[in-house]
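Have a look at the structure below, then the notes.
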Amino acid sequence: MERDGLARIGSLEIDDISVRTPAIAFVDTERYPAPPGALKLKREWTGGKGDVVIASSSFSAEPKRSENHALLHPGFRGSPYAEEHPRDDFALPRDPAGLLLDSEKFIAAITGLKGGQDLIRPTFCSVMGTPQRLAFLAYCGFDVFDSIPLIMSAENGWYLTTTGQLVYDKVEELPCSCPACSAGRRGKDELLHHNYFTAINELRLVKHSISEGMLRELVESRIRSEPWMVQNLRLLDLHHHDLLEMHASIKGTRFHAGSKESLTRPDVLRWRKRLEQRYTRPEGARVLLLIPCSAKKPYSLSQSHMRFRQAIWDSGKANLVHEVIVTSPLGLVPRELELFYPAKDYDIPVTGHWDRDEKKMVEEMVSWLVESQKYDLVISHLGDEREPVNSVLKDFMDTSHGSPGSRESLLRLTDAIKAHAPEMQGPKRGARDVDDMRSLCRFQFGEAGADLCENATVYGRWPNLKITTDRTQLGMLTGERGMVSLTLEGAALLAKRDSYCVEIEDFMPKGNLFVVGVKKAGKEIRIGDDVVVVHDKEARAVGVARMTPVEMDLAERGEAVHVRHALAMPI
Ligand SMILES: [Zn+2]
């Protein structure tokens, strides 16, 4: 199953017919026939094989049928994970029309559905799913929508687009070339079919975005059409970060941080929080050098950063210098973390102008950095971001004078390090490499990560670096993943500290680990993390988490860990 945050592509099995979700269940009556081949939403007494069926109310006089198909009582059978749910097979919010009026109610409904036992069940969204909202609603974890809002809009003369609704009669040239719009006639039927067409197309785009891990970008553009959606996304980001972050993959897709909401994306906010919670600078790096970001990523490969690094080398004290990149929306990126998602995976519009929220964020983070990391010397070598950063620094040198790339500035930088950095105390060769790696391992695995670098050697050609002790390889940083992939020996060190562990029943994993064998999973685990498969403190396998710890707890089927190495069977 493919996922992007709470959104997911699943397969819904109704009477042996499989439907790929997110999907629309179309009302199917004589007056409003469903499009051919579509998933149908029927009354209980009219439902056929493979239909979603609205159960008859126990108070109604409607005839009941004994064999049910997929009951929306609603109840569906089949979910991406569960074998079968005998009771209601759908989770759904109450009073959907009320949620459209009230953001707080909507948020409460989402966190109720997705923060508890219902997480895994297919989630039904009634009344809300117009084309412009499908991306956002899928982002909130809805799997199936009904066609009621499409019909209601057509009845009211609304021509639906993915960026909002237009008055059908007022549109001179229809901005669409679907069969209904190209028919040369204008009537209710054409309008309804256009609305169907638009919703179906948008849902295809939503599914594609989920499978590419790019749904958030689509959401940030689609919410513009309605204040209700902007409110909802902001409230979710700010008040329910923990829920969204739990489901955000640790290694996502490259994205464009082009809106105000990009500042609070779950993966962006996680970066900033994780720095504050886990970060310790490389021990030997006693001189802080703040530099600007570059459009090219990783920054190291950009012309501007190559020049900075040359200036640093020319000082003869490069091993003492800690380069920290100042950037939006991440705030700060210490050089040794520049490969870690999303540090090399974001693009921003460059205007030279920092807005208030960005300034405040950078000011707070720079203050945190200098107060918590205790440097001997602080050098600011910045451009556009110089003013907010310098405003919070107390004892520091400014070597850029606002143009960090100029020859004069670079010479000033070399001279400042040469003259003011403390004397080198002859650190052992490669010591700084180990310090840098320790800092990255801590960022990835928390405190237990530091154990990987205890008496270790780091070697290789950046960005691919191996960590070894006594000729045993513990892990390897790769440029592609941007994080450390562990060997079984490295995994055993994490197991000792009970960090990033997936506890299993007593068996030897052969191939990938499925969720049935899982007893317990560490709360710190995110999809995409390297995890240790453990039984009774013994590291039996190591691989990449494919589910969140909550899913490992609730799900009945599915792959929990994609195994890289497993312990050989005892002979
Ligand atoms: Zn059309």
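Along the sequence shown, residues are numbered consecutively beginning with 1. One-based numbering, in listed order, for ligands and for the atoms of each. All values below come from the heavy atoms of this structure, side chains included, with hydrogens, waters and symmetry mates left out.
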With the Zn ion (ligand 1) as the apex, the SG/SG angle for Cys181 and Cys178 - to 10°: 110°
When you check the side-chain N and O atoms of Glu155 and Ser153, is any donor under 3.5 Å from an acceptor? no
Assess whether a salt bridge exists between Asp347 and Arg254, defined as any Lys/Arg side-chain N lying under 4.0 Å from an Asp/Glu carboxylate O. yes
I'd like to know whether CD of Gln117 has more than 12 heavy-atom contacts from other residues, nucleotides or ligands below 6.0 angstrom. no
Hey, is the Zn ion (ligand 1) within less than 2.8 Å of some N/O/S atom on Cys176? yes
Would Glu2 and Arg8 pass as an ion pair if we require N to O under 4.0 Å? no
Find, among atoms of His194 that are N, O or S, the one nearest to the Zn ion (ligand 1), and state its name. ND1
